[in-house]
Enquirer: 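The structure follows.
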Amino acid sequence: MRLYYFCLLIITLAFVSCQNPTKLHHKTSKKKPADSIAIKSASIDSIQTSLAIAKPKKSPIKNSEGPKYSLRKYKNVTKFYARIANKATHLCMEKNIPPAAILAIAGLESGWNQGYISKITGNILSLGTRKGDHQLPALRLPQLVSKKKILFDSLEILKYSSEELIWETRPPCLKKDYRPLPYAGTQHNLAYFKHNPEKESQAHIQNLNDFMTHFISRKSKIPSYRNARKLMDTMVAEHGKDVLLQDSTAFLFINEIGGKPYSFNYRKSWPKKVNNIIKKAGLAELSQQLYTDKSEFQNVW
């Protein structure tokens with residue numbers, strides 16, 4: 001009997017010793033490093049997904065021209081066109097010339113009337129003299145050093161000390177001087193238009209009229225001018241006056257009178273600059289609103 005119990009004890013001990021001790025250990029131990037890495041990886045993926053959802057979308061790249069017509073935000077551009085746009089548009093339509101083209105050329109050539117020559121002469125298109133015209137003579141004028149600005153108004157010049165000014169003799173200008181007699185073509189009363197804004201506006205319109213009448217004429221000696229006149233007349237005859245209000249017509253006109261030898265401006269970059277002004281100032285739309293809709297400048301600019 002004792003032998004029986006002894007054998008049973010030996011069998012029990014053998015059974016217990018055969019059990020895998022590591023199996024019991026795993027039930028209370030931490031998870032394997034591999035499991036931890038997997039968990040961390042899953043957590044990072046989850047965070048990245050959350051961030052991707054929460055991260056705001058990039059704003060679309062805005063047009064470099066701004067809200068719509070970028071040139072309209074500048075005060076000098078607004079002031080320039082406010083004075084002449086309405087009358088210039090109607091004059092252009094009368095002469096069969098695209099208004100947007102003429103407005104753009106005037107803005108480019110005069111720097112929106114910021115250059116001292118256009119301010120003195122009223123010649124915003126830089127037109128040369130014809131028989132009987134007066135041209136601006138050589139002038140000795142100072143430059144304001146701090147602003148690199150040429151001064152021509154004697155009352156303004158008196159405000160500065162000699163140390164603030166650099167005097168220089170400017171060569172004679174071959175451009176027509178639109179100041180009235182006895183000032184036209186002289187060194188006197190250079191600030192006439194500055195102190196007479198209504199007369200200045202009249203001079204600007206006269207300047208535009210001279211260009212469309214005497215330069216862009218059907219009998220012009222310059223082929224590019226004759227061709228441009230013929231092209232515009234033909235388009236109006238086929239499609240009516242409204243064709244002059246389209247920007248595509250303005251582009252055709254500009255490319256016809258410039259960017260080639262014996263034209264208004266021979267530089268190839270010139271038509272591109274003018275066409276760019278038409279786009280960025282919205283001059284085609286402006287002329288349509290002024291002429292067709294009979295709107296006021298301040299209501300549509």
Enquirer: Around atom NZ of Lys149, are there more than 12 heavy atoms of other residues, nucleotides or ligands at under 6.0 Å?
Expert: no
Enquirer: Which residue is it: Leu244, Leu103, Ile84? I am looking for the one with a side chain to side chain contact (heavy atoms under 4.5 Å, CB included) to Thr89.
Expert: Leu103
Enquirer: One thing to verify: whether Asp210 and Lys176 come together as a salt bridge, which I'm taking to mean a side-chain N less than 4.0 angstrom from a carboxylate O.
Expert: yes
Enquirer: Set out, in order, the CA-CA distance, both residues' side-chain angles and the distance that settles side-chain contact (heavy atoms from CB on, under 4.5 Å) for Ile222 and Ile257, then state yes or no.
Expert: CA-CA 10 Å; Ile222 301 176; Ile257 69 168; over 6 Å; no
Enquirer: Would you find more than 12 non-hydrogen atoms of other residues, nucleotides or ligands less than 6.0 Å from Lys194 atom NZ?
Expert: yes
Enquirer: Identify the heavy atoms of Gly185 and Asp177 that sit nearest to each other, and give their distance.
Expert: N-OD2, 2.8 Å
Enquirer: Can you confirm whether more than 12 heavy atoms, excluding those of Lys260, are under 6.0 Å from its NZ atom?
Expert: yes
Enquirer: Could you check whether the rings of Tyr81 and Trp112 sit parallel, tilted or perpendicular, using 30° and 60° as the cut-offs?
Expert: perpendicular
Enquirer: Quick one: does Asn209's side chain get under 4.5 Å of Lys95's, heavy atoms only?
Expert: yes
Enquirer: Identify the heavy atoms of Arg72 and Thr78 that sit nearest to each other, and give their distance.
Expert: O-OG1, 3.3 Å
Enquirer: Take Gln135 and Thr121 through the side-chain contact (heavy atoms from CB on, under 4.5 Å) test and state the conclusion after the steps.
Expert: CA-CA 9 Å; Gln135 68 181 41; Thr121 64; over 6 Å; no
Enquirer: Using a 4.5 Å cut-off between side-chain heavy atoms of Ile, Leu, Val, Met, Phe, Trp and Tyr, which other residues end up in the same hydrophobic cluster as Ile117?
Expert: Tyr116, Ile120, Leu136, Leu139, Leu141, Ile150, Phe152, Leu190
Enquirer: Are Val145 and Glu164 packed together at the side-chain level, in the sense that at least one heavy-atom pair is separated by less than 4.5 angstrom?
Expert: no
Enquirer: Would you say the side chain of Asp153 lies within less than 4.5 Å of the side chain of His195, judging by non-hydrogen atoms?
Expert: yes
Enquirer: For a side-chain contact (heavy atoms from CB on, under 4.5 Å) check, start with the C-alpha distance between Glu156 and Tyr160, then their side-chain angles and the critical distance, and finish with the verdict.
Expert: CA-CA 8 Å; Glu156 186 178 6; Tyr160 301 98; 4.2 Å; yes
Enquirer: Hey, could you give me each pair passing ring-ring contact (aromatic ring centres under 6.0 Å, His included) that has a residue in residues 231-269? Not counting sequence neighbours.
Expert: Phe211-Phe264, Phe264-Trp270
Enquirer: Would you find more than 12 non-hydrogen atoms of other residues, nucleotides or ligands less than 6.0 Å from Gln298 atom CD?
Expert: yes
